[in-house]
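Structure record follows, encoded as structure tokens.
Counting starts at 1 for both ligands and their atoms, in listed order. The chain is numbered in sequence order, starting from 1.
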Amino acid sequence: MNTTLKILFYDTKSYDRDSFQEALSSFFGIEIEYTKSDLDPRTAALAEGFDAVCAFVSSDIGTKTVEILHQKGIRLILMRCAGFNNVDLETAKKYDIRVMRVPGYSPEAVAEHAMALALAANRRLHKAYNKVRENDFSLSGLMGFNFYEKTAGIIGTGKIGAAMCRICQGFGMKVIAFDVYENPELKGFVEYVSLEKLLSDSDVISLHCPLMDSTYHLINIDTIRQMKDGVILVNTSRGALVKTDDLIEGIRMHKFAGVGLDVYEEETNNVFEDRSDEILEHSTTARLLSFPNVMITSHQGFFTREALNAIAETTLQNADDFIAGRESTNDI
Ligand code: NAD
């Protein structure tokens with residue numbers, strides 16, 4: 001075996017290179033080359049001469065890609081993210097390719113962004129910013145409500161949902177939650193309720209459960225109808241938790257005081273790309289953005305210095321465990 005593990009990093013932006021180069025100084029025997037191309041069947045052959053590849057959420061690591069990687073001698077796929085629904089694990093196993101990931105990096109990064117979206121949508125900060133730039137100092141259209149003493153409903157109380165519960169408590173909110181498991185860390189200040197009660201009682205609803213068959217389109221016209229009028233809905237989890245057409249119908253029904261989305265169903269072609277020169281035909285994103293009470297960001301919840309450093313550290317530790325032949329809880 002080569003004494004140095006050579007890794008080809010796909011889909012890299014300048015900030016990925018910066019965080020990985022900094023973390024690399026504390027690891028030995030690892031060599032990295034970066035490419036802007038994302039990993040898919042057309043680009044997998046670039047891995048010729050490498051021992052491992054590192055990929056991200058939008059990479060296509062299906063059967064064909066894994067087969068090409070195997071032909072090129074790849075023995076390790078490092079996912080620098082938590083999700084791995086884009087990896088054909090069975091084929092990887094067949095070729096004895098180890099797949100590792102970063103299960104959690106900074107739950108507070110995502111939770112803080114969820115609260116930022118809730119506050120921005122509530123006080124229309126996206127509108128206020130533009131108004132003041134145009135010397136329009138009027139307050140019309142900017143009225144919000146106090147979060148203090150209101151009810152926050154958190155759906156999914158794992159790592160990120162728990163961080164969001166603590167933030168909401170800090171705002172002086174009553175915190176209720178729905179999850180299939182109760183998180184013992186939240187005992188004493190979070191009350192677990194049924195989904196129906198959460199929907200009907202919450203002033204701010206924030207989604208933090210994973211996307212699975214059971215949560216697909218969890219927010220649809222039926223669940224929207226059960227919500228309080230004037231509710232704020234925030235989704236920083238996965239786009240398909242919310243049925244976009246139904247959300248638009250709900251916004252038109254004046255159900256929402258505000259909607260904050262870091263993820264949405266149509267995001268795949270947009271995420272981390274500059275498409276400002278394009279005419280986006282049939283875009284539901286554009287329809288959503290036409291509403292004054294909707295605030296959208298492009299999957300940036302994870303994007304803090306602390307989270308990127310943690311992703312780099314864990315990914316390189318995974319590579320180090322592979323070199324040493326150590327088992328890891330980050331194996332998929
Ligand atoms: P986690 O696994 O720690 O927590 C998920 C929680 O959801 C668990 O407590 C689980 O019991 C619960 N859950 C499962 N099924 C449920 C259901 N049907 N109803 C209600 N709750 C249910 O995950 P996490 O680290 O807190 O991440 C949560 C989600 O955040 C991820 O699935 C991911 O989609 C998203 N995420 C987004 C970003 C971003 O940049 N916007 C970054 C990281 C993660």
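The protein heavy-atom contact nearest to atom 28 (C) of ligand 1 is H208 O, 3.3 Å. The protein heavy atom nearest to atom 37 (C) of ligand 1 is T236 O, 3.1 Å. The closest protein non-hydrogen atom to atom 19 (N) of ligand 1 is F178 CE2, 3.5 Å. Scanning all protein heavy atoms for the shortest distance to atom 26 (O) of ligand 1 gives I160 N, 2.8 Å. If you check which protein heavy atom lies closest to atom 16 (C) of ligand 1, you get V180 CG2, 3.9 Å. Protein heavy atom at the shortest distance from atom 33 (C) of ligand 1 is R238 NH1, 3.7 Å. When hydrogens are left out, the protein atom nearest atom 40 (O) of ligand 1 is F302 N, 3.0 Å; that is the closest non-hydrogen contact. Scanning the protein for heavy atoms near atom 32 (O) of ligand 1, the closest one is P210 CA, 3.3 Å.
In T157, the part holding a heavy atom less than 4.0 Å from any atom of ligand 1 is the backbone. With a 4.0 Å cut-off on non-hydrogen atoms, V110 touches ligand 1 through its side chain and not its backbone. At a 4.0 Å heavy-atom cut-off, ligand 1 touches K159 through backbone and side chain alike.
Results of the side chain to side chain donor-acceptor pair (under 3.5 Å) test with Y129 over R133, K127, H126 single out R133 as the only residue that passes. The one candidate from E249, E265, H217 that meets the side chain to side chain donor-acceptor pair (under 3.5 Å) condition with T244 is E265. Between S59 and the choices T43, T65, D38, N86, the side chain to side chain donor-acceptor pair (under 3.5 Å) rule is met once, by D38.
Atom 4 (O) of ligand 1 has its nearest heavy-atom neighbour, among G158, S214, A114, in G158. Looking at S237, G104, S298, A111, it is S237 that brings a heavy atom closest to atom 31 (C) of ligand 1. Counting heavy atoms only, T215 comes closest to atom 18 (N) of ligand 1 of the residues N235, T215, V57, L207. Closest heavy-atom approach to atom 9 (O) of ligand 1 among the candidates D179, L195, T297, N85: D179.
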I'd like to know whether I176 forms a side chain to side chain contact (heavy atoms under 4.5 Å, CB included) with K174, so could you lay out the CA-CA distance, the side-chain angles of the two residues, the decisive distance to 0.1 Å, and finally the verdict. CA-CA 7 Å; I176 60 175; K174 174 180 177 188; 4.1 Å; yes
Evaluation steps, side chain to side chain contact (heavy atoms under 4.5 Å, CB included), between D179 and I154: CA-CA 9 Å; D179 196 315; I154 310 302; over 6 Å; no
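Taking a cutoff of 4.0 Å between a charged side-chain nitrogen and a carboxylate oxygen, D11 and K36 do not qualify as a salt bridge. Of the charged side-chain nitrogens involved, at least one lies within less than 4.0 Å of a carboxylate oxygen, so that R326 and D321 count as a salt-bridged pair. At a threshold of 4.0 Å, the pair D96-R75 does not count as salt-bridged, since none of the basic side-chain nitrogens sits closer than that to a carboxylate oxygen.
Considering backbone and side-chain atoms together, Y181 places no N or O closer than 3.5 Å to any N or O of ligand 1. For a threshold of 3.5 Å applied to N or O pairs, the pair formed by V263 and ligand 1 contains no separation below that value.
In this structure, M212 has a heavy atom closer than 4.0 Å to ligand 1. The shortest heavy-atom distance from P107 to ligand 1 is not under 4.0 Å. Within the structure, ligand 1 has Y105 among the residues with a heavy atom less than 4.0 angstrom away.
Taking the six-membered ring for Trp and the full ring otherwise, the centers of F56 and Y10 sit at least 6.0 Å from each other. Taking the six-membered ring for Trp and the full ring otherwise, Y15 and F303 have centroids separated by under 6.0 Å.
The contact set between ligand 1 and G156, taken as ligand atoms under 4.0 Å from a residue heavy atom, comprises 7 (O), 21 (N). Those atoms of ligand 1 that come under 4.0 Å of a heavy atom in H299, given as number and element, are 39 (C), 40 (O), 41 (N).
Under a cut-off of 6.0 angstrom, the local environment of CZ in R123 is sparse, with at most 12 non-hydrogen atoms contributed by other residues, nucleotides or ligands.
At least one side-chain heavy atom of D16 sits less than 4.5 Å from a side-chain heavy atom of R80.
Aromatic ring pairs are classed by plane angle as parallel below 30°, tilted from 30° to 60° and perpendicular above 60°; the pair H299 and F302 is perpendicular.
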